[in-house]
Undergrad: 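Below you will find the structure I want to go over with you.
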Amino acid sequence: MFAIDSHHINASSTTEAAEQFKQLLANNNRQFLIGFCEASLLKALPDDLNLTSPCLLASSCLGSANEQQLSLQKHSISVLRFSDKAGFYGVASSQEATNVRSAAANTLLSAMKKSGRGHLSPQLIWCFQTPGQEEQVLLGIQDIVGTKVPVFGGSSADNSIEGQWGLHDGNQKLSEGFIIAVLYPSVPVLGYFGSGYELTGLSGTVTKVTGRKLQKIDGQPAVDIINTWRKQRGHATFEDGNVLAASTMTPLARLESSSDIPLLLLSHPAMASNGCLDLFSEVHEGETLHLASGTKDQLIERGPQVIQTARDIAELRGMLPLQGAIIIFCGGCMLAIQNAMAEVQAAMKAELPDLPFIMGFTFGEQGTFSDGESRHGNLMISCTLFGGDLET
Amino acid sequence: MKPDESLLDKLHQLQIKNRELEQVHLLQTLILDGLHVILTTDDIDALFAQFFGLLHQALHFDAAIMTQLSKDQTQLLPVSCTESDSIGALSIVQHIHQKGMERPLNAFHIPLLFDEPLSLASPWAEMHSLLGIDIRTQFADYQLWIFSSQRAAFGPHDLTLLQQFSSFAGSTISQVEKRRLQEQQKELQARQDQIEKVLMSSEKMASLGQMAAGVAHEINNPLSYVLSNIQNLAYNHEQLHQLIDALKQAVSVDKAQSILDHFRYQAICVDTDDIMAEMTEGATRVKDIVKSLRQFSHPDKSKVDDINLAELIDNTLRVAWNQIKYSAQVEKNYGTQNIVVTARSAQLSQVLLNILVNAAQACDDNRGLIQITLCEDKDNAYIEIKDNGCGIPEDTLNKIFDPFFTTKAVGKGTGLGLAISKAIIEQHSGNIQVTSQLNQGTSFMIMLPKQADLSNDDTDGYL
């Protein structure tokens, strides 16, 4: 018998919220737990949550939501608990910061081993990581299970891009690193990954980049080129400092075209300094960077639309009735439409009537695109659905 | 939402939905083709071998094996394999089975399944990925194992497709198995009915045999004294005749002649001789019938010996030649090898004589041809006696081995010849079959085991 229930806790103090969470976890007999937690609350949680079941939590920008409540600017935590005695779940984590790809591969194998399914391909891989090495984590995962197993997840976030993000694997908190969960649920599962942006027609070639620090486009300082584009589109130019909010409606995009249909892989600029831009995803020299454009209305509409599309696919696969969902909403997008998030949450609830779900706000999103490949991107929204119980 | 972004998003949605529909189409094609294969293939091994071909349309794989769970559920037994050498595959799947790994199973790197490396021959040593799925039918548990030399070759979609196909295959094979079982039950029922008929016929024949023996015994006693008395009567009649001749000498010839004429002495004498002859003939015929009846119920037990069939047939032909030579020519196809059977030669000779005389009578126009063919296989000898005579009507063909059945004129046959022949052949653990076409001819095929066990033969005819 498969069942999911969601819980949302919010409080004005981290101590109070942590205490409520502790009570929720008391006598926990579920098989798997996943959740999003406001960054300062996560720091206030004990290292050992005294759980026998696999668990992973990621810090979420400003707060989190479930189908009942949305809490922003509060110390909140939203968790989904899975009762699934016929399913298998495993979680493992790593704080490795240098050889991330190899560490991710080993962490995945460790999670599989812990799940009790040995070295069998899972139905779904979920990853939470601190921002910075998402591409390497994905590569490490794909080194082991190839590209056919869907990978979804998000990068932990804080409230003001101060590096206060963190993770919790049930036994310890991680200020840097990643947690990988392998899911072999007894029900079918699927995920859909989308964004709400379009190309402006403005583009240039990356000529100098170091990791995620974009230095030059077409041989010119990256900020200069982008500011030229922004002027042409009527946007204010970037000044040195935090540009996350300013760039949310005008991110950079790469066109992935492994199929006939172009895919926009978005990069969200975070900080500008000395003509360089710090991004939330990697770009490579020689790649064409486009200026993408979005609107608040697009972002407000996009969340429910992603869920609707995921539901349509679930119906095609015969997965109905659905049992629950995990929604990842880009933290940057959320900040841009913060005042409309209650409306977004209500629209999502309408798309998932009477179903438990949780939503977290991340600084980087991982998911499987329409071409079947899992990638890391920014400014994305994902919806992972758990389908009908096969035993019933 | 602006049109460009909206359109692009729609395209992505359609791309995913298209892939889902392709998956559904693929499954439907698999199911349709699978159904055709299931319905047109009787042998389960061949069926699964064809499944491999079908699955190649939907999945990229390098090798596959189908196994069946042994009755004690400890072993996986090979059913069908794409490769000539299935030992390596069996080692892998047997190991998985023994470790209690449940199916469906999607292993991305086979070596990681084992604590210690397995020593495998090619191509199994090069296999990395493995899909395993159960196919449960009503009567057996099968397992389908799909191998790929690529690491992490299969995704959740592949496993789902295989699960759906195996679910269909299991239920459909169960239905077909059930239907075939019903057909087999019908066939067995028909066979049982046939056996019961034969048994009833055998019982009838046995009863007839008993009755024949009884009748023969009952008739034989009075017949003995009738025949004996006829002989005595004939002797007395002869004596009386001589007495009257002597009296004719002693008294006046004229007077005596007058008296004899008055009593029609001469006519009475002739008439009495005729009556005596007819009585003798009739009684003799009754005697022959009784003899046949006794033989039907108690065939003669001549000596069991190794008999050269060609010699036996030639000897029988010499006996029957007078009855054959005016009706038909005889063509012999004995082959080059001597065919020897262990049998009672007198009984077999009697069978052959019956059939040969019948064949000659069926020809009866001097243009007949009787073909005698001898052949053998490892255990049995076969004698075919074929004529081109008048043939036997279809409605009487199945009665010719019945006792007292005859198509000959009254008094020309007892109707026991072929019944006795059949009894003799069956006593030799053989069988005799007849085919005939009206105006085309008749063929008798006798099968005799080369080594019939006649040592403990205590059955007497049909008794």
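We name chains A, B, ... by the order of the sequence lines, and we start the count at 1 in each one.
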Undergrad: Please name the pair of heavy atoms, one in B:A152 and one in A:I144, separated by the smallest distance, quoted to 0.1 Å.
TA: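 What the structure gives for the nearest pair is CB-O, 4.0 Å.
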Undergrad: If every non-hydrogen atom of A:I261 is compared with every non-hydrogen atom of B:L11, which pair is closest and at what distance?
TA: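 That closest heavy-atom pairing would be CD1-O, 3.6 Å.
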Undergrad: Shorter than 4.5 Å, heavy atoms on both sides: which option in A:G196, A:G194, A:P150 has the most such pairs with chain B?
TA: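 Highest number of pairs under 4.5 Å: A:G196.
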Undergrad: Within the structure provided, determine whether B:L113 and A:L120 are in side-chain contact (heavy-atom separation under 4.5 Å).
TA: yes
Undergrad: Below 4.5 Å, heavy-atom pairs only: which of A:L124, A:V145, A:V149 has the largest tally toward chain B?
TA: A:V145
Undergrad: Please find the pair of heavy atoms, one from B:R151 and one from A:D143, that lie closest to each other, and give the distance.
TA: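 What the structure gives for the nearest pair is NE-O, 3.9 Å.
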Undergrad: For the residue pair B:F154 and A:S121, what are the closest heavy atoms and their distance?
TA: O-OG, 4.4 Å
Undergrad: Which distance, rounded to the nearest 0.5 Å, do you find between the CG of A:D312 and the CD of B:Q13?
TA: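 Going from CG on A:D312 over to CD on B:Q13, the span is 7.0 Å.
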Undergrad: I'd like to know whether CD of B:E102 has more than 12 heavy-atom contacts from other residues, nucleotides or ligands below 6.0 angstrom.
TA: no
Undergrad: Flag the pair B:H157 / A:K148 as yes when at least one side-chain heavy-atom distance between them is below 4.5 Å, and no otherwise.
TA: no
Undergrad: If you draw a 6.0 Å radius around CD1 in B:I87, do more than 12 non-hydrogen atoms from other residues or ligands fall strictly inside?
TA: no
Undergrad: Using non-hydrogen atoms only, which part of B:P111 is less than 4.5 Å away from chain A: side chain, backbone, both, or neither?
TA: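 It is neither, since no heavy atom gets under 4.5 Å.
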Undergrad: Could you pull out the closest heavy-atom pair between A:F369 and B:R19, with the gap in Å?
TA: O-NH2, 4.5 Å
Undergrad: Which pair of heavy atoms, one from B:L8 and one from A:P262, lies closest together, and at what distance?
TA: CD1-O, 3.6 Å
Undergrad: Determine whether A:M112 and B:F108 satisfy the following criterion, side chain to side chain contact (heavy atoms under 4.5 Å, CB included), listing intermediate values before the conclusion.
TA: CA-CA 12 Å; A:M112 286 175 169; B:F108 57 89; 3.5 Å; yes
Undergrad: Looking at B:K99, I want to see if its NZ is surrounded by more than 12 non-hydrogen atoms of other residues, nucleotides or ligands under 6.0 Å.
TA: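 Result for NZ/B:K99: enclosed.
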Undergrad: Let me know if B:E20 has heavy atoms under 4.5 Å from chain A in its side chain, its backbone, both or neither.
TA: side chain
Undergrad: Can you tell me how far the CG atom of A:D371 sits from the CD atom of B:Q15, to the nearest 0.5 Å?
TA: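 A:D371 atom CG to B:Q15 atom CD measures 6.0 Å (nearest 0.5 Å).
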Undergrad: Heavy-atom count check: over 12 atoms from other residues, nucleotides or ligands less than 6.0 Å from B:Q138 CD?
TA: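 Yes - once you tally the heavy atoms of other residues, nucleotides and ligands closer than 6.0 Å, there are more than 12.
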Undergrad: Once you round to the nearest 0.5 Å, how far does OG1 of B:T160 lie from CZ of A:R317?
TA: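 Between B:T160 OG1 and A:R317 CZ, I get 7.5 Å after rounding to 0.5 Å.
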Undergrad: What's the spacing between B:N106 CG and A:R117 CZ if we round to 0.5 Å?
TA: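 Output value for this atom pair is 9.5 Å.
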Undergrad: Pick one of side chain, backbone, both or neither for A:Y192, based on which atoms fall under 4.5 Å of a heavy atom in chain B.
TA: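 Just its side chain gets close to chain B.
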Undergrad: Using a 6.0 Å cut-off, check whether atom NZ of A:K113 has over 12 heavy atoms from anything other than its own residue.
TA: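 Result for NZ/A:K113: open.
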Undergrad: With the side chain counted from C-beta on, respond yes when B:L112 and A:L109 share a heavy-atom pair under 4.5 Å apart, and no when they do not.
TA: yes
Undergrad: Can you tell me if B:H56 has over 12 outside heavy atoms packed within less than 6.0 Å of its NE2?
TA: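 Buried by this count: over 12 neighbours within 6.0 Å.
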